[in-house]
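In listed order, ligands and their atoms are each counted from 1. Not measured: the values here are computed from a predicted model.
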Amino acid sequence: MTIEQQTDAAWVMARCDELATHSSRPDGIERVYLSHEHRHVNALAAEWMAEADLDTWQDAAANQCGRRGEPHLPALLLGSHLDTVPGAGRYDGILGVLVAIVVARRLRHTELPFALEVVAFGDEEGTRFGTTLLGSRALAGTWQPEWAELTDASGLTLREAMSDFGLDVDRVGEAARAPGSLVGYLEAHIEQGPLLEEADRALGVVTSIAGARRLFVSITGEARHCATPYDRRRDALLGASAAITAIERIARAARSFATVGRIRVEPDAVNVVPGFAEFSLDLRDATDEARDATLDAIRSELELICATRGLTLELRETHAAPAVHCAPALRDAVGRGIRSTADGAPMELFSVAGHDAMAVAALTDVAMLFVRCEDGISHHRDEAVTEADVAVAIDALEMAVLAVADAHRG
Ligand SMILES: [Zn+2]
């Protein structure tokens with residue numbers, strides 16, 4: 001590593017450690033939207049943005065922003081988020097913000113054909129109000145007015161929390177950027193999966209961000225005394241067990257990601273054959289077509305299982321988001337960035353997890369750079385990246401910005 005690389009990567013690692021101390025709990029990291037900790041990390045990010053020669057402001061949705069460039073120029077936006085889940089690690093989101101700040105600092109004497117902006121989103125995880133991507137959706141102009149009445153665990157509404165933070169929820173629209181005001185959005189983020197590590201690669205370029213479909217599957221049989229002979233039972237929980245096992249088998253074969261994370265049984269008694277079972281299903285894949293094909297196969301198999309057992313099946317969808325495809329030109333720029341480092345030809349992968357880039361894609365082209373994390377662990381205190389990987393990530397993102405500038409001039 002050169003001295004500059006070493007210094008910049010070490011700076012990022014030290015700032016990640018520093019931000020990790022801004023937590024609402026002593027036994028781990030938790031930093032939610034519109035909290036005291038949010039205010040503190042925004043102030044720190046603003047300081048570091050100013051050191052990178054960016055003009056700073058906090059927008060109407062409590063996103064911390066910094067910009068350099070003539071006011072009339074459209075901006076290339078770099079960023080990620082500073083909020084965390086409970087019991088978080090110190091890199092998810094945070095790393096992308098700090099890498100963006102360092103890249104802006106490195107490019108402070110470089111003339112670019114667009115303005116350069118860094119944004120630290122205030123809410124990506126949705127931990128406090130149960131709705132994700134609040135910060136990036138405000139910037140993208142897709143904030144929904146009814147969110148003002150969402151409540152946190154203590155019963156406080158988003159409207160009240162905003163007001164306590166010194167903001168007015170009825171003015172969140174002011175955070176929305178005009179469609180023509182951006183060149184695109186680049187986000188660096190830890191992979192949150194093991195593929196880069198398995199391939200012995202530091203960096204990856206994201207092809208698409210999976211859109212999830214979430215359903216509740218309910219299976220109805222008949223509740224009976226536990227003395228009922230087997231051939232007279234219509235056991236809803238046994239039907240659900242067979243269904244969940246089949247879901248794993250089908251999704252594995254299709255390379256989709258299916259997760260059953262919640263189950264409920266009625267009457268929920270130790271000596272009664274369950275008459276009803278309901279479980280959640282979260283399904284993701286690189287494209288909507290692949291995901292929907294897996295769901296069709298699952299549905300057919302579940303119908304068969306239920307018919308065989310004399311059970312009634314019902315699927316109720318609660319959420320569906322389309323996959324977001326990273327823009328080819330920006331993907332190329334990120335690929336060129338990676339190729340310029342020792343990491344070589346860029347490894348392509350899709351993101352199973354959601355990111356701010358998904359929300360920003362409603363407004364402008366997006367692309368993402370993934371950074372290897374140890375053992376694929378994320379949303380956990382053991383989340384880890386190496387300083388050497390951070391150094392190449394900074395180089396790659398800097399080169400990606402220069403590649404976007406080349407394309408913009410050409
Ligand atoms: Zn994240």
query = His81 and Asn63: side-chain hydrogen bond (donor to acceptor under 3.5 Å, both in side chains), yes or no, with the steps?
reply = CA-CA 9 Å; His81 61 96; Asn63 299 313; over 6 Å; no
task = Without swapping roles, check the side chain of Glu197 against the backbone of Pro194 for a donor-acceptor pair under 3.5 Å.
result = no
Passing candidate, side chain to side chain contact (heavy atoms under 4.5 Å, CB included) with Tyr33, options Thr127, Asp123, Thr131, Asp152 = Asp123
remark   = Taking 2.8 Å as the strict upper bound, the Zn ion (ligand 1) has protein N, O or S neighbours numbering 3
inquiry  = Could you check whether Glu37 pairs with Arg31 (Lys NZ or Arg NE/NH1/NH2 to Asp/Glu carboxylate O, under 4.0 Å)?
reply    = no
Qualifying residue for side chain to side chain contact (heavy atoms under 4.5 Å, CB included) with Leu369, from Leu186, Ile338, Val205 = Ile338
task = Could I get the full list of side chain to side chain contact (heavy atoms under 4.5 Å, CB included) partners for Val352, not counting sequence neighbours?
result = Phe257, Arg284, Phe350
